[in-house]
Every structure is written in structure tokens, then in C-alpha cells.
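This report concerns only the one structure given below.
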Protein chains: 2
Amino acid sequence: MGTTATEAAPEPKYWHLRTVLVRTIDAEFSTGEVLPNERDLAARFGVARATLRQALDQLELEGRLVRRRGIGTLIAAPRIGIPVAEPTGLEPAGSDTWRIIDCGVGPAPAAVAEALGLEPGSGVHSVRRVRMMAGQAVGTETLFVPGTVMPHVPGFLADSSRARAVLKQFQALPVESESRSVELGVAEEEPARLLERPPGIPVLVLTTRYFSAEGGPLAVSVSTYRADTCKLTFGEAGVEVRAAS
Amino acid sequence: MGTTATEAAPEPKYWHLRTVLVRTIDAEFSTGEVLPNERDLAARFGVARATLRQALDQLELEGRLVRRRGIGTLIAAPRIGIPVAEPTGLEPAGSDTWRIIDCGVGPAPAAVAEALGLEPGSGVHSVRRVRMMAGQAVGTETLFVPGTVMPHVPGFLADSSRARAVLKQFQALPVESESRSVELGVAEEEPARLLERPPGIPVLVLTTRYFSAEGGPLAVSVSTYRADTCKLTFGEAGVEVRAAS
DNA sequence: GAGTGGTCTAGACCACCGT
DNA sequence: CGGTGGTCTAGACCACTCC
């Protein structure tokens with residue numbers, strides 16, 4: 001490993017490694033190809049495996065690599081663009097669908113109660129869904145609607161039927177405006193399971209609040225999207241959906 | 001260190017640790033307080049320091065902790081809500097300001113050319129700015145406008161003056177619609193420096209495309225916001241700005 | 001200088017995948 | 001089974017901040 005000159009750099013090895021790998025990947029690899037295994041790569045660059053992994057971690061966070069246990073490290077497909085609905089109605093087309101998981105009624109979690117302007121512990125309906133795109137689970141959503149907003153949901157139905165009832169009533173609500181926020185998070189056990197990934201993977205957390213004309217909160221939805229494979233898109237235009245092969 | 005029973009868990013130690021730490025933090029610490037140092041914490045939990053750090057990494061990604069070299073690990077302030085302008089005009093209030101870095105003219109990077117529907121290497125104006133909020137640098141933006149859209153920018157001005165000229169002309173453009181996307185990335189050297197952070201920190205990458213009434217792209221801006229301390233907000237409502245103390 | 005987090009090492013074992 | 005990534009260890013040294 002002849003040192004290539006320009007030695008004294010206050011730059012961490014793993015960052016330099018990342019740079020080199022980015023260049024190599026962009027130049028010599030294409031989607032779906034597998035990189036050499038970590039032990040070989042580490043040896044080739046003359047670093048410990050942990051250091052190499054630190055570089056790969058970065059590239060995975062950027063969505064450039066996918067690591068599969070037992071298989072190897074491969075070049076990731078471009079991120080899937082996930083349309084975030086602008087108008088309240090307007091339902092999805094093609095391979096963009098939701099799968100209902102369950103539906104419950106109960107006291108609102110503290111954060112939800114606050115977002116809805118409710119007393120802590122007020123009753124809310126909650127519907128959990130998984131968003132499927134191109135056959136993959138890309139995100140989870142939990143919709144919270146205060147019981148006061150939606151008092152007439154039949155209690156005797158099965159989960160999935162009740163969920164549909166809640167969603168239907170939700171779409172009929174006089175939603176006048178919405179506000180959203182996007183932030184970084186990590187998937188807890190529950191969402192991770194729904195996304196068929198281990199807990200701890202990075203997710204984009206999308207929180208949407210729905211308001212009535214009077215400005216009162218009507219509902220809140222909290223969604224988590226796989227940050228490695230997804231890109232949230234707002235506004236018309238590019239509904240570019242490129243699936244992984 | 002009495003093993004607490006329920007041993008055989010296929011759950012990684014670092015994830016369990018994270019759970020414990022979350023509970024402890026929520027219950028016993030508040031913003032700005034410092035945690036015990038990593039070596040002590042690791043010893044207390046009976047794990048190697050690297051394992052403890054893995055747990056802390058997660059919490060930092062979630063914006064719950066801030067680690068400062070030479071100081072310690074402290075409880076982070078709630079994330080700052082960053083309004084993403086809805087209407088084209090509408091300029092910020094209060095402590096939300098932009099600081100111009102520089103302004104250039106030159107061939108468009110490949111990705112930019114594609115987003116603008118230009119031939120690779122076409123000339124574009126580019127303006128770089130840093131967004132300041134509550135006295136902190138929270139994000140960087142580079143605005144790209146095709147030279148063809150803006151042919152009359154004086155070349156003899158100083159950087160900052162030219163930047164202002166480009167921004168002024170940009171605001172006068174007949175922008176009819178915008179589309180945005182948000183994804184996860186890591187800060188490269190340049191943005192990292194502007195954000196006064198080391199390279200590699202996670203950022204939310206916001207890409208905005210501006211279209212004319214005819215549907216042609218007028219400009220593109222690429223922004224990076226610190227994912228640890230920021231939360232992007234869309235739509236009216238909560239312009240909740242809570243600064244770190 | 002003492003104390004902190006940041007980087008790096010060299011090794012080990014485990015969980016998973018294919019054959 | 002052999003090969004892959006995932007986890008974990010016990011140590012070392014560095015860069016930074018404060019006293």
C-alpha cells in the first residue's frame with residue numbers, strides 16, 4: 001500500500017475512505033452490483049474492518065449502498081420518490097397503495113394529544129397503515145382522530161372494517177388546511193417490523209396536521225419512511241417511481 | 001450488574017441500551033444537562049465503550065443528544081422548526097435570515113443540468129447562502145439559475161453584490177409552481193464548513209424546482225439542513241422556533 | 001494537566017444466506 | 001458447509017476544552 005503522498009491530513013481515515021469509495025462506485029459500479037466483502041476491502045485499504053465499516057455506514061445513510069447480511073454489499077437503486085399528497089383527496093395511482101394493519105380506540109399518547117390540542121389521555125381513533133410502493137413496504141402511517149370529531153364509528157366491526165370506516169369518515173371531514181413537518185428519526189420496534197427491517201434504521205418522520213376552517217385541529221398523522229430508499233416529494237411534477245430490481 | 005433475568009434476547013445490546021437511556025433521559029434529565037462520560041456509562045452498563053457509543057449514536061441521530069468534544073454529552077434542545085416557504089415571495093421574519101456566501105457563473109453540475117433540463121455543462125448562475133436561525137447556522141442553500149433565464153447579470157460586481165442582483169432577478173421570475181423533495185444525506189466538506197460542523201453529519205437535503213407557467217424549469221435550489229437540530233415545516237401554522245440555550 | 005468525545009485497531013463470535 | 005454482514009470487546013492514541 002504505497003502511501004500516496006500528501007500524508008499529514010487532519011482528515012479521519014473513514015472520511016477519506018468514503019471519498020475514495022464514492023469515486024470508485026460512481027466510476028466502476030452500477031446498481032445491483034456487489035462490492036468486495038468488508039474484510040477484503042479493509043485489507044485492500046490497509047485499515048481495520050471497523051474503520052471501513054464506518055465509511056460504508058455513511059454511504060448507506062446516503063442511500064448509495066445496501067448491505068444484506070449473508071449476501072454482501074451492493075450498489076443501491078436510486079431512491080424512490082414518495083408523493084406526499086397535496087390536496088386532501090386525490091388518491092394514489094398505480095403501484096402506490098396502502099395496506100391496513102389495525103385500528104384502535106384509546107387514550108392519546110402525550111405528543112398526539114398536544115398536537116391535537118386535547119387533554120392528555122383523551123380518546124382517539126388510530127388507524128395504522130403500511131404504504132406499499134412497487135411491491136415494497138416503504139413507510140408506515142398512524143392516523144389519529146379525536147373521538148369527539150368522529151363519534152359515530154361502529155365498535156362491533158372487525159379491525160380492518162373499522163379502519164375503513166374511520167378512513168372514510170376522515171376523508172369526509174371538512175379539512176381546510178394542512179401543515180407538515182419532516183425530520184429524521186430511527187425506527188422503533190413496531191414500525192421497523194412493518195417495514196421488514198431491524199429496529200434502528202433511519203427514517204424520515206412526516207407529521208401532518210389537518211385543520212378545519214375555524215383553525216381547530218381535526219386529525220394528526222405520523223408517518224415514517226425508510227430514509228435509505230425513500231425521498232419525499234411535495235407538489236406536482238415528478239412522480240418518478242423507480243423501483244429496485 | 002446482576003443480570004436482570006430474561007436473558008435470551010435476539011436483541012442487540014446497543015438497542016437495549018438505547019431504550020434504557022431514552023427512558024432515563026426522559027425521566028431524569030432536561031435540556032442542557034450533561035450525561036456521565038462515556039467511559040463511566042459503559043462501565044455502569046457493563047459494556048464496552050464502543051457499544052455504548054453505538055447507542056449514543058442513535059440518540060444523537062434522533063436529535064435527543066448533542067456530543068461536544070472536550071465537554072461531554074448533553075441533552076439536546078427540541079429541534080428548531082424551519083419554515084419552507086410556500087408562496088414564492090413572503091420573506092422571513094424575526095431571527096430567520098440568510099447570509100450570502102458567494103456567487104458564481106459556470107457550467108452546471110450534471111445533476112443540476114438534468115433537473116433544469118439543460119445540456120450538460122450549460123452555464124448557470126449559482127448563489128450560495130447560509131440560513132441563520134436564532135443566531136445559528138442551520139442550513140446551506142445553493143440556487144442555480146440557467147444563464148439563458150437570466151442573461152443580464154452584471155459581471156463586474158463583487159460577489160455579494162452580484163448575488164443580490166441574481167436573487168433580486170430570481171424573485172422577479174414568473175414562477176408559476178414549485179416542486180420539492182426531501183431526503184437524507186451527509187454533509188460534504190463545503191456545507192459542513194458553512195454549518196460549522198465536521199463533514200459527515202446527517203443533513204436533510206431539500207431540493208426545490210421552480211417552474212414557469214409553460215412548465216419549463218426556471219431554477220433549482222439545493223439546500224442542506226442539519227438533521228440533528230432541524231425539522232422542516234411546510235404549510236402555514238407552527239412557525240415554532242425554539243432556540244437552543 | 002486532567003477530562004472529554006473522536007478515531008482506530010485486531011481480534012472474536014453470532015446470525016444469516018447460499019449451496 | 002463456507003461466506004457474508006452484524007455485534008461486541010479491550011485496549012490505544014488523538015483533538016479538543018477548560019482550569
Side-chain angles (χ1 to χ4, degrees), chain A residues 1 3 7-19 21 32-61 64-76 186-187 192 196-202 228, chain B residues 1 3 7-19 21 32-61 64-76 186-187 192 196-202 228:
Chain A
M1 308 299 107
T3 58
E7 212 72 22
E11 181 192 52
K13 280 190 187 177
Y14 75 87
W15 183 256
H16 178 249
L17 248 186
R18 172 195 166 276
T19 308
L21 286 171
E33 287 191 79
V34 291
L35 262 55
N37 74 57
E38 297 183 349
R39 289 160 180 90
D40 285 357
L41 275 179
R44 177 175 320 183
F45 288 109
V47 300
R49 191 177 157 219
T51 304
L52 174 79
R53 279 182 62 80
Q54 222 177 329
L56 294 182
D57 285 345
Q58 297 260 352
L59 296 174
E60 201 177 21
L61 212 60
R64 292 171 171 275
L65 296 181
V66 182
R67 290 192 275 188
R68 296 209 197 135
R69 197 200 296 238
I71 305 288
T73 302
L74 18 162
I75 310 298
V186 304
E196 297 161 334
R197 305 259 78 198
I201 62 162
D228 54 348
Chain B
M1 309 242 151
T3 59
E7 212 72 24
E11 181 192 54
K13 279 191 188 176
Y14 75 88
W15 183 256
H16 179 248
L17 249 186
R18 171 195 167 276
T19 308
L21 287 170
E33 286 192 79
V34 293
L35 262 53
N37 74 58
E38 298 182 349
R39 288 160 180 90
D40 284 355
L41 275 180
R44 176 175 320 182
F45 288 111
V47 300
R49 191 178 155 217
T51 304
L52 173 80
R53 279 182 62 80
Q54 222 177 329
L56 294 183
D57 285 345
Q58 297 260 354
L59 297 174
E60 202 177 21
L61 212 60
R64 292 171 171 276
L65 296 180
V66 182
R67 290 192 276 189
R68 297 210 197 132
R69 199 199 296 237
I71 305 288
T73 302
L74 16 161
I75 311 297
V186 305
E196 297 160 335
R197 302 261 78 196
I201 63 162
D228 54 347

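Keep in mind it's a predicted model, so treat the numbers as computed, not measured.
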**Report entry** Any A:Asn37 side-chain N or O less than 4.0 Å from OP1/OP2 of D:dG3
**Finding:** no

**Report entry** 5'-most by nearest nucleotide on DNA chain C - A:Gln54 or B:Asp40
**Finding:** B:Asp40

Report task. Determine, stepwise, if the pair B:Asp57 / B:Arg67 fulfils side chain to side chain contact (heavy atoms under 4.5 Å, CB included). Result -> CA-CA 9 Å; B:Asp57 285 345; B:Arg67 290 192 276 189; 2.2 Å; yes

Report task. Output all residues satisfying side chain to side chain contact (heavy atoms under 4.5 Å, CB included) with A:Leu74, sequence neighbours left out; order by chain, then residue number. Result -> A:Val34, A:Arg68, A:Ile71

Query - Partner residues of A:Arg64 under the side-chain hydrogen bond (donor to acceptor under 3.5 Å, both in side chains) criterion, sequence neighbours left out - result: A:Asp26, A:Glu62

Query - Terminal contacting nucleotides, 5' and 3', DNA chain C versus chain A (heavy atom, 4.0 Å) - result: C:dT7 to C:dG18

Report task. Please report, rounded to the nearest Å, how far the C1' atom of D:dG5 is from the CG atom of A:Leu52. Result -> 11 Å

Query - Sequence-aligned protein contact record of nucleotides 14-19 of chain D, with B where the base is within under 4.0 Å of a protein heavy atom and S where only the sugar-phosphate is - result: -BBSS-

Requested in this report: Take A:Lys13 and A:Phe45 through the test side chain to side chain contact (heavy atoms under 4.5 Å, CB included) and record every step on the way to the result.
Outcome: CA-CA 10 Å; A:Lys13 280 190 187 177; A:Phe45 288 109; over 6 Å; no

Query raised in the report: 5'-most contact on DNA chain C: B:Glu60 or A:Arg49, nearest heavy atom basis?
Result: B:Glu60

Query raised in the report: When the distance from CG of A:Leu56 to C1' of D:dT4 is rounded to whole Å, what number comes out?
Result: 13 Å

Query raised in the report: B:Ile75 versus B:Leu65: any side-chain heavy-atom pair under 4.5 Å?
Result: yes

Report task. Could you tell me the separation between the CG atom of A:Leu21 and the CG atom of A:Leu56, rounded to the nearest 0.5 Å? Result -> 6.5 Å

Query raised in the report: Taking only residues two or more places apart in sequence or in another chain, which ones pass side chain to side chain contact (heavy atoms under 4.5 Å, CB included) with A:Ala76?
Result: A:Val66

Query raised in the report: For B:Arg39, which residues count as a side chain to side chain contact (heavy atoms under 4.5 Å, CB included) partner, sequence neighbours excluded?
Result: B:Asn37, B:Arg49

Query - Side-chain N,O (A:Thr73) to OP1/OP2 (D:dT4) below 4.0 Å - result: no

